[in-house]
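The next block holds one structure in the form of structure tokens; read it before the comments.
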There are 2 protein chains.
Amino acid sequence: MGKERTKVSMAVIRRLPRYQRYLDELFKNDVKRISSRELSERMGVTASQIRQDLNCFGGFGQQGYGYNVEDLYNTITDILGLNRSYNTIIVGAGNLGQAIAGYTNFEKSGFTLKALFDVNPKLIGLRLRDIEILDVDTLPDFLHQHKVDIGIMCIPRKAAQQTADILTSNGVRAIWNFSMTDLDVPADIIVENVHLSDSLYTISYRLNEEELFNKIDKN
Amino acid sequence: MGKERTKVSMAVIRRLPRYQRYLDELFKNDVKRISSRELSERMGVTASQIRQDLNCFGGFGQQGYGYNVEDLYNTITDILGLNRSYNTIIVGAGNLGQAIAGYTNFEKSGFTLKALFDVNPKLIGLRLRDIEILDVDTLPDFLHQHKVDIGIMCIPRKAAQQTADILTSNGVRAIWNFSMTDLDVPADIIVENVHLSDSLYTISYRLNEEELFNKIDKN
DNA sequence: TAGATTGTTAATCGATTAACAATC
DNA sequence: TAGATTGTTAATCGATTAACAATC
């Protein structure tokens, strides 16, 4: 029943948060409606792409008018699952873990931080925004007692796989991985990698690309 | 002279650091040679893709043998521009800025942190690994006096564009942007965005995708 | 109504995969 | 030499863009 549907590609999924950001901005600037063409100009993409992307999820516009900014913002927020709530924990309470713990906007979007974990005795017992830093040894126990949807891993490479195993074998459904290494997890587990080193190295590549090919072409 | 060459796509560029990571691992495990097929199995990609990717830069393998691990590692390191050095600064010395400042592996790969900047008087004057946190008001002056290749922006959204303008108009060639907003910069400036919120929101999307389409299909 | 803009199909473009001759 | 594996061309697949009928 309903029309044939193909899976939404990651390319589309990764564009959705950006649409949401731009619509949020428009809404805050009291813009009531916007056409795909105008939005495309602001965002530096094609109008066709915007219409195609949105139509993965249904027709939210109106011919001759465009899109209602507030409605479309709310719709995309809903598509992104940001009208729900998620329990999260952070493993690794160093600077990066603390930085992420400090993003109160994530809380506003439904991501509730339940606890942080660390191996460092100097950190264990401290509180961040009233959230306790616990001994990582207590992680399995904690997961047995609390439903955790998303595990945020801010730990060194060498501890990453072991921690991922603990998370996935205790009910965590998704991992936000900052560990700069790839994880081996069951097929039904969602992994979102933020490989900061990979990201940085694309910068050094691009800074040198021209020179690199001058060298290659000479040989 | 030399053969016709087409620009290397971002898809390929973004895979290079991952190749480097796997080759580093192999090298550390004393693996001397590897075929595209075996590497493809370890990495979960096709052998064809590996061979196509590498051949953007030349032929590094040997028929019937495969690739020499150490040579290929060194070659990719060179392609990524990691045999050079880059001067960097961090604008925004909060937890995230401090986290990035703390990655000593970046220093080892040639990224030299020259200074951090912040608006917070409590941070200004402090030192991290012997690197001083300076008043962001002194940023233009600093850029006049020091050659800075990469500006790392770890500041809130609202200050981002203004800071990007200061960086780009004072010789900074690339921006690593953690500000969760898009930047408007001259065409020759390299921008690498790490939009953490966008990344997180793809997780909530994927956690709910199935249910989302059950709902859509019912209508 | 006339003008504007969507939703959607068709065309194009680019990236990935397959195939295989070259060759170590 | 025979077997293995690359480098590279051709085929396929998927994503983006263009076009336009439908319709507000």
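The chains referred to below are lettered A, B, ... by the order of the sequence lines, with proteins before strands, and numbering in each begins at 1. Side-chain atoms are counted along with the backbone in the values below, which use heavy atoms only and exclude waters and symmetry mates.
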Is Arg42(A) salt-bridged to Glu25(A), cutoff N-O under 4.0 Å?
no
Thinking salt bridges, do Glu211(A) and Lys215(A) make one under a 4.0 Å N-O criterion?
no
Whole Å only: how far is the [atom1] atom of [X] from the [atom2] atom of [N]?
{"X": "Leu54(A)", "N": "dT6(C)", "atom1": "CG", "atom2": "P", "answer": "9 Å"}
{"X": "Phe60(B)", "N": "dG7(D)", "atom1": "CZ", "atom2": "P", "answer": "9 Å"}
{"X": "Asp53(B)", "N": "dT8(D)", "atom1": "CG", "atom2": "P", "answer": "14 Å"}
{"X": "Glu38(A)", "N": "dA4(C)", "atom1": "CD", "atom2": "C1'", "answer": "13 Å"}
{"X": "Ile34(A)", "N": "dT5(C)", "atom1": "CD1", "atom2": "P", "answer": "11 Å"}
{"X": "Asn55(A)", "N": "dT5(C)", "atom1": "CG", "atom2": "C1'", "answer": "12 Å"}
{"X": "Leu72(B)", "N": "dT5(D)", "atom1": "CG", "atom2": "P", "answer": "15 Å"}
{"X": "Glu41(B)", "N": "dT5(D)", "atom1": "CD", "atom2": "C1'", "answer": "14 Å"}

Pull out every residue in residues 9-33 of chain B that has a heavy atom closer than 4.0 Å to any atom of DNA chain D, ordered by number, or say none.
none
Using the test salt bridge (charged side-chain N to carboxylate O under 4.0 Å, His left out), find all partners of Lys32(A) that sit at least two apart in sequence or belong to another chain.
Asp30(A)
Any residue meeting side-chain hydrogen bond (donor to acceptor under 3.5 Å, both in side chains) with [X], in chain and number order, not counting sequence neighbours:
{"X": "Thr75(A)", "value": "none"}
{"X": "Asp71(A)", "value": "none"}
{"X": "Asp165(B)", "value": "Gln161(B)"}
{"X": "Asp149(B)", "value": "Lys147(B), Arg173(B)"}

Considering only residues two or more places apart or on different chains, which pairs with a residue in residues 55-67 of chain B satisfy side-chain hydrogen bond (donor to acceptor under 3.5 Å, both in side chains)?
none
Under the side-chain hydrogen bond (donor to acceptor under 3.5 Å, both in side chains) rule, what pairs show up with a residue in residues 95-104 of chain B, not counting sequence neighbours?
none
For nucleotides 17-24 of chain D, 5' to 3', base contacts (B), sugar-phosphate-only contacts (S) and non-contacts (-) with protein non-hydrogen atoms under 4.0 Å give BBBB-BBB
Tyr67(B) side chain N/O closer than 4.0 Å to the phosphate oxygens (OP1, OP2) of dA4(D)?
no
Do any pairs count as a ring-ring contact (aromatic ring centres under 6.0 Å, His included) and have a residue in residues 10-49 of chain B, sequence neighbours left out, and if so which ones?
none
Tell me which pairs pass ring-ring contact (aromatic ring centres under 6.0 Å, His included) where either residue lies in residues 73-100 of chain A, with sequence neighbours left out.
Tyr86(A)-Phe111(A)
Should stems be defined as at least three consecutive Watson-Crick or G-U pairs with both distances under 3.5 angstrom, which of them involve DNA chain C?
C:3-24 with D:3-24
